Amino acid sequence: MKLNRKMAATLLTAGLAATSTMLTAPSASADSMHGCSYPRVCVYDDAYSGGNPYGWYQDYTYQPILGGGNRVVAVVNTRNDDSVWLIDQGASPDAYICIPRDTPVNLGSHKHPGGDSWAFEADAIKIWNDNGTCSGDFKVSQGRIKDGWRP
């Protein structure tokens, strides 16, 4: 079977259009932020804008912050579907600050329920396998949770 010129040109144009669409389509991957690679939650002992985290977490378990805790000044949550709590176990009941998905936070900008800012207060971390919200919102929030809740 022989194709006429008009039909061949149409098929060639359609094929090229499909190829260029595939070549220019964006990839479906998450981005890193401030030196923190996806899918991590990174902690910093200085502002996150410096891009030098001293630790990172990506497991859903409750974990103490390594390096002695109480040195966290900033946090970056690169996860797309999970929120994270930074926890102050020294408060009674435990205090937490919730960081929603895809969010960097300098903790000095948030008042701790005990009076000062959240900078240097967190000593544990918990990543939640949820929709990335904090109390149903995509804003940083905080609260207290009854002692004895932790594993």
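Heavy-atom basis, side chains included; hydrogens, waters and symmetry copies ignored. Being a predicted model, the structure only gives us computed values, none of them experimental.
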Pair listing, disulfide (SG to SG under 2.5 Å) test, anchored in residues 77-132, at least two apart: C98-C134

So, using ring-ring contact (aromatic ring centres under 6.0 Å, His included) as the criterion, who are the partners of [X] when residues are at least two apart?
X: F138; result: none
X: H112; result: W118
X: Y96; result: W85

Quick one: does [X]'s side chain get under 4.5 Å of [Y]'s, heavy atoms only?
X: I97; Y: D88; answer: no
X: Y57; Y: L66; answer: yes
X: H110; Y: V105; answer: yes
X: I127; Y: N129; answer: no
X: K126; Y: I87; answer: yes
X: T78; Y: V41; answer: no

Under 3.5 Å donor-acceptor, Y44 side chain and H34 backbone: yes

Under 3.5 Å: donor-acceptor pair, side chain of T103, backbone of N77: no

Reported CD1-to-CD distance for the pair I125 and Q63, which is rounded to 0.5 angstrom: 7.0 Å

No-hydrogen, no-angle side-chain donor-acceptor test under 3.5 Å, N131 and T133: yes

Donor on one side chain, acceptor on other, Q89 and D123, under 3.5 Å: yes

Candidate pair V72 and V43, rule side chain to side chain contact (heavy atoms under 4.5 Å, CB included), full reasoning: CA-CA 6 Å; V72 182; V43 291; 4.1 Å; yes

Test: R79 cationic atom under 6.0 Å from Y60 six-membered ring centre, within 45° of axis: yes

Salt bridge (Lys or Arg N to Asp or Glu O under 4.0 Å) against D45, all qualifying residues, sequence neighbours excluded: R71

Nearest atoms (heavy-atom pairs only) where R144 meets P113: NH2-CB, 3.6 Å

Please output the side-chain donor-acceptor pairs of residues 48-56 that fall under 3.5 Å, not counting sequence neighbours, one pair per line with the distance.
residue : atom : partner : partner atom : Å
N52     : ND2  : G50     : O            : 3.3

